[in-house]
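Structure record follows, encoded as structure tokens.
Numbering of ligands and ligand atoms starts at 1, following listing order. When a residue number appears, it is its place in the shown sequence, counting from 1.
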Amino acid sequence: MNKKFLARNVVQDQLEGLDTKLLRRKLRTTFSPCDVKSNVDQRELKAFCSNDYLGFANHPKLIMAMTEGAKQYGVGSGASHLISGHSITHDLLEKKLASFESAHIPNARALFFSTGYLANITAITGLVRLVNQGEASIYSAALNHASIIDGVKLASAQSKAKVTIFNHLDLESLSTPLKNDQHPFKIIVLDGVFSMDGDIAPVKELIEIAQTYDALLIIDDAHGFGVLGKQGHGILEHFDVCSERIVYLGTLGKAAGVSGAFICASSPFIEWLIQKGRPYIYSTATPPAIAHALYASLELIESDEGIHRRAHLNELIDIWRTEMNFKRWQKMKSITPIQPVILGSNANALAAAKLLDEAGYWIPAIRPPTVPENSARLRITLSANHTIDDLRALMRTLEAIEQSIVHGG
Ligand SMILES: Cc1ncc(COP(=O)(O)O)c(C=O)c1O
């Protein structure tokens, strides 16, 4: 037997270290479809934690579309898009996605990806390859999603791009370094709706900055697509902006209820990513049945039903914003379905999540490194499938739990 096995000892120490800092994450298993009522580890809980903002993940029309798609196109694509995996249903989906953003991006074309993580990595690493090594400069917002952070790190390692992190929603800290930046090619990249905070990027001002300093603006609207804008087209519709500098990224596993993501930009940028976006080129195309279901989801987003669901969601958001008050915990200024409550310490956030679980709610504690140190939180998310009574019952439970945690020290 081989007695020396360093990796085994190291992994044990590392995992114990996570336990000591209350940072070990745990997988929980659902036995029901993603919906407000969830069977989690064989217990019924009311979920306020998914990104299924419109309640589409278990929608009968989309289940039917997925089934039809599988019957028509089979279950696998068999290869990457550039080999033989690009089917007519991918093509139709991309055209429909481009139509969603065409009022906001001139000459819009869309490219479909299997995940938002992959789309961010592809957009950032692919676009810096437009110029020579060391010629690109990337400005990335401090609270960006991990997939942007990883895309920026990879772009920096591969293309020697300079990276500047600017402060959360602080445009001064973006424009000041841009003024003196001599790099020929600049990219600004940020979440449209910040995933752990729920607040929104000031897109109009960002476009002005991008124009002033001749930069591209990548907006990751993972949490705005389907939710923001009258027709659910996302943050660009919400702000009613149009610019050829925008590289828009939307995800399709959140409000759209299925899976995947897309990049939409002026056609030459998309053509470039098809040529040079390595994660796109070297990854098997998403099953066409998923693209088929997504097409049906886009139709629903724009339909009267989509409009009604967004109206109900906005009513829930208003109730939370106006009626929920905490004594010690902190609410965020968010007009989106992401309504985090900041508790600070990991111990408090874990204790609150446990008490919520005992009261029949599923709202996990979000801790570093997903959020900054000492800002552990309950990331409460609202869905069009929640009723007003569901929300008010949660609010009463949270008030009671805040009291009990304060009294219990
Ligand atoms: C802002 C943001 N971008 C990208 C992603 C990644 O998307 P996906 O889950 O499709 O990989 C997420 C996922 O949570 C996100 O919140």
His81 and His90 aromatic ring geometry - parallel, tilted or perpendicular at 30°/60° bounds: perpendicular
Expected output: side-chain Arg43 to main-chain Asp41 donor-acceptor under 3.5 Å: no
Atom 14 (O) of ligand 1: nearest protein contact (heavy atom, Å): Lys254 NZ, 3.1 Å
Per-atom contacts, ligand 1 versus Gly116 - under 4.0 Å to a heavy atom: 6 (C), 7 (O), 8 (P), 10 (O), 11 (O)
Mode of Thr251 contact toward ligand 1 - side chain, backbone, both, neither (heavy atoms, under 4.0 Å): side chain
Nearest-contact summary for atom 1 (C) of ligand 1 - protein heavy atom, Å: Asp220 OD2, 3.3 Å
Distance filter under 4.0 Å to Ala222 heavy atoms, resulting ligand 1 atoms: 1 (C), 2 (C), 3 (N), 15 (C)
Identified side-chain contact (heavy atoms from CB on, under 4.5 Å) partner of Leu178 from the options Thr212, Thr164, Ile188: Ile188
Numbering as shown, the atoms of ligand 1 that approach Tyr117 to under 4.0 Å (heavy-atom distance): 6 (C), 7 (O), 8 (P), 11 (O)
Mutual orientation of the aromatic rings belonging to Phe262 and Phe225 [parallel < 30°, tilted 30-60°, perpendicular > 60°]: perpendicular
Short N or O distance, Asn51 and ligand 1, threshold 3.5 Å exclusive: no
Protein contact to atom 5 (C) of ligand 1 [nearest heavy atom, distance to 0.1 Å]: His145 CE1, 3.4 Å
Under 3.5 Å donor-acceptor, Trp272 side chain and Gly126 backbone: yes
Ligand 1-proximal atoms of Ala261, by part, heavy-atom distance under 4.0 Å: neither
Side-chain donor or acceptor of Glu402 paired with backbone N/O of Phe326 under 3.5 Å: no
Ligand-residue contact atoms, ligand 1 with Asp191, heavy atoms, under 4.0 Å: 1 (C)
Approximate separation, where rounding is to 0.5 Å, of Lys61 NZ and Glu68 CD: 12.0 Å
Nearest-contact summary for atom 16 (O) of ligand 1 - protein heavy atom, Å: His223 NE2, 2.6 Å
Proximity of Tyr248 and His104 rings by center, below 6.0 Å: no
